[in-house]
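First the structure, then my questions, so here it is.
Chain letters run A, B, ... following the sequence lines, proteins first and then strands; every chain starts at 1.
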There are 2 protein chains.
Amino acid sequence: MAIFSKTCEYAIRAVFYIAHKSASGDRAGLKDIAAGIDSPELYLAKILQDLSRKGLIRSVKGPNGGFYVDADSLARPLSDIVEAVDGQGLFHGCALGLKQCSEINPCPLHDQFKSIRGQISDLLHRTTIGGFNEELIGGLLSLKK
Amino acid sequence: MAIFSKTCEYAIRAVFYIAHKSASGDRAGLKDIAAGIDSPELYLAKILQDLSRKGLIRSVKGPNGGFYVDADSLARPLSDIVEAVDGQGLFHGCALGLKQCSEINPCPLHDQFKSIRGQISDLLHRTTIGGFNEELIGGLLSLKK
DNA sequence: TAATAAAAGGATATTCTTGTCCTTTATTCA
DNA sequence: TGAATAAAGGACAAGAATATCCTTTTATTA
């Protein structure tokens with residue numbers, strides 16, 4: 001198992017790609033994004049529809065339409081995408097799947113996993129969607145698989 | 001997404017349960033284990049067959065048969081189970097699914113995820129299968145969901 | 001040695017994730 | 001206003017993870 005689902009990986013890469021285009025005032029079309037992040041186009045369409053419904057990205061139909069993110073969304077943390085797609089599983093719940101594990105009755109790995117999950121949460125919360133743009137512009141980062 | 005797959009959660013809980021019984025010289029039968037860790041019996045059978053083939057646990061057929069772990073296995077790290085079931089995904093590979101991400105050409109989250117994954121790896125490597133027995137004996141820990 | 005108990009193994013069923021296809025709706029522009 | 005473009009939406013398909021069923025093999029013990 002990877003850390004994120006495949007759907008979530010696509011979502012993150014796509015939003016980065018869209019944010020990058022948005023920074024120069026452009027919108028990104030589905031074909032463009034799918035090619036840019038190396039993902040199946042029609043599956044990505046579903047993911048973007050979902051993110052759009054949830055208000056994480058915006059879309060415009062018709063000629064010269066496409067996806068973009070506004071300034072507010074650029075400032076949003078990466079965790080918003082992860083939660084929208086993969087839910088809270090990475091941050092909460094006993095790692096061993098024990099229902100009775102809690103702060104009051106912790107499993108033997110509870111505190112250690114708590115610390116690690118806290119770090120993942122911190123990382124995803126302090127990293128913003130727009131924060132990758134410099135690196136994308138500098139060409140240091142490719143979003144292709 | 002949780003950290004481990006459901007299969008892996010069952011596997012970990014089952015091995016803990018078996019290890020606990022083994023400590024008092026007993027073997028654990030499938031029904032017993034499934035009830036003890038609250039998992040579907042026949043699915044668990046497949047998981048245990050797999051762990052047995054991979055040498056992580058031992059089994060004996062026939063009356064008074066069942067599963068047990070030898071002293072060697074008690075000393076094994078939890079990471080052995082996780083790797084056997086969920087593979088290397090938790091420890092290796094770019095978190096964002098970027099093929100080109102590497103030490104030489106790291107993605108923007110590479111180093112931070114590397115640290116977190118290192119901690120997960122350390123935790124799972126330094127925790128042994130047998131290490132939970134005191135807590136199970138003390139009744140502090142329940143393996144039921 | 002026969003009866004029984006318990007895991008092993010193969011096949012199938014169900015559910016969830018991932019991926020595709022086709023039609024509809026909204027927008028642009030000639 | 002009509003044609004073209006691009007996302008939205010609904011339905012379906014493939015694959016993987018999870019779960020169940022049935023038969024076979026191996027061991028115990030009466």
Run the side chain to side chain donor-acceptor pair (under 3.5 Å) test on A:Ser102 and A:Asn105 for me, step by step, so that the C-alpha distance in whole Å, both residues' side-chain angles and the decisive distance to 0.1 Å come before the verdict. CA-CA 5 Å; A:Ser102 69; A:Asn105 185 32; 5.8 Å; no

In whole angstroms, the gap separating P of C:dA6 from CG of B:Leu44 amounts to 16 Å

Residues that B:Asp122 engages under salt bridge (Lys or Arg N to Asp or Glu O under 4.0 Å), provided they are two or more places apart: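 Result, salt bridge (Lys or Arg N to Asp or Glu O under 4.0 Å) vs B:Asp122: none returned.
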
More than 12 heavy atoms of other groups within 6.0 Å of B:His92 NE2: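 For B:His92, atom NE2 is not crowded (no more than 12 foreign heavy atoms under 6.0 Å).
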
Is the ring pair A:Phe4/B:Phe113 parallel, tilted or perpendicular, if the boundaries are 30 and 60 degrees?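 It falls in the perpendicular class, over 60°.
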
Side-chain polar contacts of residues 45-52 of chain B - donor-acceptor pairs under 3.5 angstrom, sequence neighbours left out - could you list them?
{"residue": "B:Asp50", "atom": "OD1", "partner": "B:Lys54", "partner atom": "NZ", "Å": "3.4"}
{"residue": "B:Asp50", "atom": "OD2", "partner": "B:Lys54", "partner atom": "NZ", "Å": "3.1"}

Atom pair distance, as rounded to whole Å: CD1 in B:Ile37 and C1' in D:dT18: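 Taking CD1 of B:Ile37 and C1' of D:dT18, I get 14 Å after rounding.
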
Let me check something: do B:Ile12 and B:Tyr68 share a hydrophobic cluster, defined by ILVMFWY side-chain heavy atoms less than 4.5 Å apart, either directly or through other members? no

Distance, rounded to the nearest Å, where B:Asp50 contributes CG and D:dA19 contributes C1':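 Nearest whole value for this atom pair: 15 Å.
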
Any residue meeting salt bridge (Lys or Arg N to Asp or Glu O under 4.0 Å) with B:Arg126, in chain and number order, not counting sequence neighbours: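 By the salt bridge (Lys or Arg N to Asp or Glu O under 4.0 Å) rule, B:Arg126 matches no residue at all.
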
End-to-end bend of the helix from C:dT1-D:dA30 to C:dA30-D:dT1 (five-pair axes, 10° rounding)?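 What I find for the helix from C:dT1-D:dA30 to C:dA30-D:dT1 is an axis angle of 0°.
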
Shortest non-hydrogen separation from A:Met1 to B:Ser5 and the atoms involved: CE-N, 3.6 Å

Are side-chain heavy atoms of A:Leu90 and A:Arg117 found at a separation under 4.5 Å? no

Are A:Arg13 and A:Phe16 packed together at the side-chain level, in the sense that at least one heavy-atom pair is separated by less than 4.5 angstrom? no

Annotated protein contacts, base or backbone, on nucleotides 3-13 of chain D with a non-hydrogen cut-off under 4.0 Å, one of B, S, - each: -BBBBBBBB--

Between protein and nucleotides 15-18 of chain C, what N or O pairs are separated by less than 3.5 Å?
{"residue": "C:dT18", "atom": "OP1", "partner": "A:Lys6", "partner atom": "N", "Å": "3.2"}
{"residue": "C:dT18", "atom": "OP2", "partner": "A:Thr7", "partner atom": "OG1", "Å": "2.4"}

Just how far, in rounded Å, is C1' of C:dA7 from CD1 of B:Ile33? 11 Å

Test B:Thr7 against B:Tyr43 for side chain to side chain donor-acceptor pair (under 3.5 Å), laying out the working first. CA-CA 9 Å; B:Thr7 306; B:Tyr43 186 56; 2.5 Å; yes

Round to the nearest Å and state the distance from B:Leu42 atom CG to D:dC22 atom C1'.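 Taking CG of B:Leu42 and C1' of D:dC22, I get 10 Å after rounding.
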
